[in-house]
There are 2 protein chains.
Amino acid sequence: MTKGRVTVIDIAQAAGVSKSTVSLVLQGSPLVNEATRSKVNSAMRELGYVYNRGAANLRQASAKSKIIGVVVNDLTNSFFAELAVGVDMVVQSAGFVQFLSNTSESIDRQREVIASMREHGISGLIVSPARATEAVDFKPLVAAGIPVVVVVRSLPGAKVSSIVSDNEGGTSAAVEHLASLGHTRIAFLGGFTDTAVFEERLAGYIDGLNRAGLGFDEELVISSAPSRAGGVDAIGRAIAMGNRPTAAVCFNDAVAFGVCDGLRARHMEPGRDFAVVGFDDVIEAQTAVPALTTVSVDPQSMGRRAAQLLLKQINAGRAEAENVTTAVRLVVRESCGAAQKKIGRKMA
Amino acid sequence: MTKGRVTVIDIAQAAGVSKSTVSLVLQGSPLVNEATRSKVNSAMRELGYVYNRGAANLRQASAKSKIIGVVVNDLTNSFFAELAVGVDMVVQSAGFVQFLSNTSESIDRQREVIASMREHGISGLIVSPARATEAVDFKPLVAAGIPVVVVVRSLPGAKVSSIVSDNEGGTSAAVEHLASLGHTRIAFLGGFTDTAVFEERLAGYIDGLNRAGLGFDEELVISSAPSRAGGVDAIGRAIAMGNRPTAAVCFNDAVAFGVCDGLRARHMEPGRDFAVVGFDDVIEAQTAVPALTTVSVDPQSMGRRAAQLLLKQINAGRAEAENVTTAVRLVVRESCGAAQKKIGRKMA
DNA sequence: TGACAAATTTGGAACGTTCCAATTATTAAG
DNA sequence: CTTAATAATTGGAACGTTCCAAATTTGTCA
């Protein structure tokens with residue numbers, strides 16, 4: 001029907017004003033008369049006008065687009081999905097739109113995705129880096145003045161803001177809790193050893209052991225993929241040991257669920273026959289049977305905080321790199337054996 | 001340091017050619033001499049050039065951007081996360097970039113998100129519609145010639161392509177399988193009754209009952225939220241019945257997991273004391289204990305197909321709406337009681 | 001060497017918006 | 001009724017790219 005797309009000029013013609021006036025209306029400027037404003041608005045509705053942000057960005061070199069990019073390393077892990085949801089909440093209410101991409105731990109894909117986002121003129125980036133990411137990978141971004149917030153995995157040496165959870169405090173608290181229940185052989189299961197997160201959680205594990213007056217036995221840390229399957233694998237190896245552990249703090253909830261699966265496959269009941277504690281507090285943690293005792297990170301609020309920090313930097317124009325570690329809280333449920341099984345404590 | 005951003009003109013100057021030539025290089029045109037091409041390329045590297053897609057789109061009115069939008073209704077459901085991953089795979093290898101957003105079942109948010117995507121000039125849209133979405137909501141999109149592929153939930157009356165799984169065939173097969181194991185009272189648990197998907201799966205359930213020569217008892221269909229918590233709730237009501245069922249096909253895997261949880265909370269073992277079959281085949285289905293018998297939809301391949309269909313339409317310029325329903329396959333594991341528990345059938 | 005074809009390169013003129021300075025319409029004050 | 005102030009509107013000129021037609025260089029063949 002109509003040839004090209006509808007532009008401000010078409011609107012201007014239809015409303016009997018100039019394109020400048022239409023532009024003013026578009027930006028909600030107070031300079032324009034109420035009568036003309038509504039005239040223009042109805043013309044836009046009538047012609048089915050769509051704003052061309054590309055053209056707008058072109059002109060206002062500084063104001064940037066209203067996109068903020070989010071890059072995660074594993075979207076199939078519900079932790080990251082929820083993180084993204086948290087980001088989306090605050091980003092959306094600030095009138096921005098989220099541009100989410102998944103790297104599947106591929107550093108090449110990460111490079112591509114970030115480059116593509118730059119081309120589209122994102123005004124900020126929230127990223128959970130893929131595994132082998134280096135600090136220098138973000139150099140060009142910060143050089144270009146694009147605020148970056150790194151989440152979940154810290155990136156030592158990078159001059160960007162970061163939000164990580166208190167991994168060390170979390171596992172430390174978990175170990176102390178298990179010790180207070182009488183366990184003396186407590187394992188640390190799952191996770192790849194070459195990540196900063198692993199190191200931190202392991203350090204907390206050792207710290208908790210010390211606080212509880214228990215010795216550290218290297219044999220009790222068993223690494224594996226940080227997934228459900230990895231958990232099955234790890235608990236298998238733990239149980240095969242001569243002097244087997246009676247409890248475990250796991251690298252994350254996925255591993256913890258796998259550990260529960262593995263226990264059941266060997267006719268042991270998690271909570272009763274073996275205590276397990278997770279890390280993350282994904283949604284399934286509370287509805288699972290037995291409900292998972294875990295260190296609660298609340299990915300959604302982490303996402304919200306990351307988004308807030310990023311927006312602050314975007315608005316400030318040029319903010320200092322800020323490093324925050326979010327507090328973490330041990331949520332005692334059933335899988336650790338601290339019997340407190342009550343059905344329907346609160347409304348579902 | 002440098003004032004504005006680096007543009008083709010800066011590159012041209014540095015390389016001693018004209019901006020047109022730089023543009024040619026950018027597009028990989030065969031017209032340009034090898035020597036000049038590399039000269040230009042190194043100039044770009046040196047000055048840290050970033051392509052401004054906004055400006056490019058402005059000029060080439062037709063060619064559109066290289067963004068394809070993906071809108072899902074619940075990112076925290078891993079089914080959709082995996083769907084998105086599938087889309088990303090093919091979209092990425094075609095040189096497009098994915099722009100993923102979540103509506104959380106909010107139809108308003110869906111409108112906003114789609115509007116925003118249009119402003120950014122997406123060249124195609126894949127959407128799993130929020131719950132109350134109407135066919136007319138996509139009218140403006142198709143009128144503007146933007147290809148749309150609806151996935152998961154069909155949208156009767158909309159003139160857009162769609163990819164849905166064979167819901168009816170799936171539940172039908174599930175019921176027949178349970179009947180072949182000797183069950184005669186088979187429930188249908190979970191799901192909101194006001195969705196097309198529910199209707200289809202329910203129809204398949206009834207069809208399966210008929211094929212197996214069993215009668216349909218309305219009392220045995222118990223709806224609930226399509227979530228883990230909803231499953232717990234539904235099985236609770238099923239068990240409270242006088243003439244209780246001995247098996248259930250569930251609206252989806254999340255519900256099925258909830259059903260398993262609910263059974264255990266009542267000291268019944270899924271698979272042994274009660275047969276449960278899910279729908280979707282999310283990744284956890286195979287690692288869970290007991291492994292979930294379920295109708296496999298493979299969200300990832302569904303995502304891939306959706307992306308392929310969309311790309312086809314984008315390339316064709318103006319393709320007909322195509323409605324495909326993807327085949328579905330009953331995967332028999334442990335939760336239905338058909339004992340075939342073998343550990344380590346294949347490599348993990 | 002001259003003429004012609006092929007291979008490369010190149011200045012504008014768009015694209016749809018915002019910004020600026022300048023113009024015109026309206027109101028208030030004298 | 002004039003003048004000044006204020007409110008509202010308006011034409012270009014950008015922004016960074018691609019496209020087109022035209023210009024230039026290079027190569028080929030007699």
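Chain identifiers are assigned alphabetically (A, B, ...) following the order of the sequence lines, protein sequences preceding nucleic acid strands; residue numbering begins at 1 within each chain. Quantities reported herein were computed from a predicted structural model and do not represent experimental measurements.
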Q | Closest listed nucleotide, where the reference is the side chain of A:Val17 and the choices are D:dT10, C:dG16, D:dT17 | A | D:dT10
Q. Rounding to a whole Å, what distance do you find between B:Leu31:CG and D:dC20:C1'?
A. 13 Å
Q | Whole angstrom value for the distance that separates C1' of D:dG16 from CD of B:Gln27 | A | 13 Å
Q. Hey, is the main chain of A:Ile9 close enough, under 3.5 Å, to the side chain of A:Thr7 for a donor-acceptor pair?
A. yes
Q: Record whether the side chain of B:Arg59 comes under 3.5 Å of the base of D:dT17 through a donor-acceptor pair of N or O atoms.
A: no
**Q.** Closest to the B:Gln60 side chain, choosing from D:dT17, C:dT18, D:dT18
**A.** D:dT18
Q: Check the distance between C:dT17's P and A:Leu26's CG and give it to me in whole angstrom.
A: 7 Å
Q: Let me know the distance between CG of A:Asn52 and P of C:dA14, rounded to the nearest Å.
A: 18 Å
Q) Which whole-number value in Å describes the distance from B:Tyr49 OH to D:dT17 C1'? A) 7 Å
Q. For B:Leu58 and D:dT17, what is the distance between atoms CG and P respectively, to the nearest whole Å?
A. 12 Å
Q. If you check every side-chain atom of A:Thr7, which of D:dT17, D:dT10, C:dG16 has the closest atom?
A. C:dG16
Q: Kindly determine whether B:Ser106 and B:Asp108 satisfy side chain to side chain donor-acceptor pair (under 3.5 Å), including the steps that lead there.
A: CA-CA 5 Å; B:Ser106 155; B:Asp108 290 325; 5.0 Å; no
**Q.** Rounded distance in Å - OH (A:Tyr51) to P (C:dC15)
**A.** 19 Å
(Q) Between B:Gly54 and A:Ser18, which residue's closest nucleotide on DNA chain D lies nearer the 5′ terminus? (A) A:Ser18
Q. CG of A:Asn57 versus C1' of C:dT18: gap in Å, rounded?
A. 11 Å
Q: Check every atom of D:dT17, C:dG16, D:dG11 against the side chain of A:Ser20 and return the nucleotide holding the closest atom.
A: D:dG11
(Q) Let's see if you can work this out: which of D:dT18, D:dG16, C:dG16 has an atom nearest to the side-chain heavy atoms of B:Arg5? (A) D:dG16
Q: Could you pick out which residue, B:Ala55 or B:Glu34, lies toward the 5' side of DNA chain C when each is mapped onto its nearest nucleotide?
A: B:Glu34
Q.
Check this for me: A:Glu105, atom CD, are more than 12 non-hydrogen atoms of other residues, nucleotides or ligands nearer than 6.0 Å?
A. yes
Q.
I want to verify a distance call: between C:dT17, C:dT8, D:dT17, whose nearest atom is closest to the B:Asn33 side chain?
A. C:dT8
Q | Close side-chain approach of A:Val8 to A:Tyr49, heavy-atom, < 4.5 Å | A | yes
Q) How close do A:Asp10 and A:Leu47 get, heavy atom to heavy atom, and via which atoms? A) O-CD1, 4.0 Å
Q | Nucleotide nearest A:Lys19 when distance is taken to its side chain, options C:dT17, D:dT9, D:dG16 | A | C:dT17
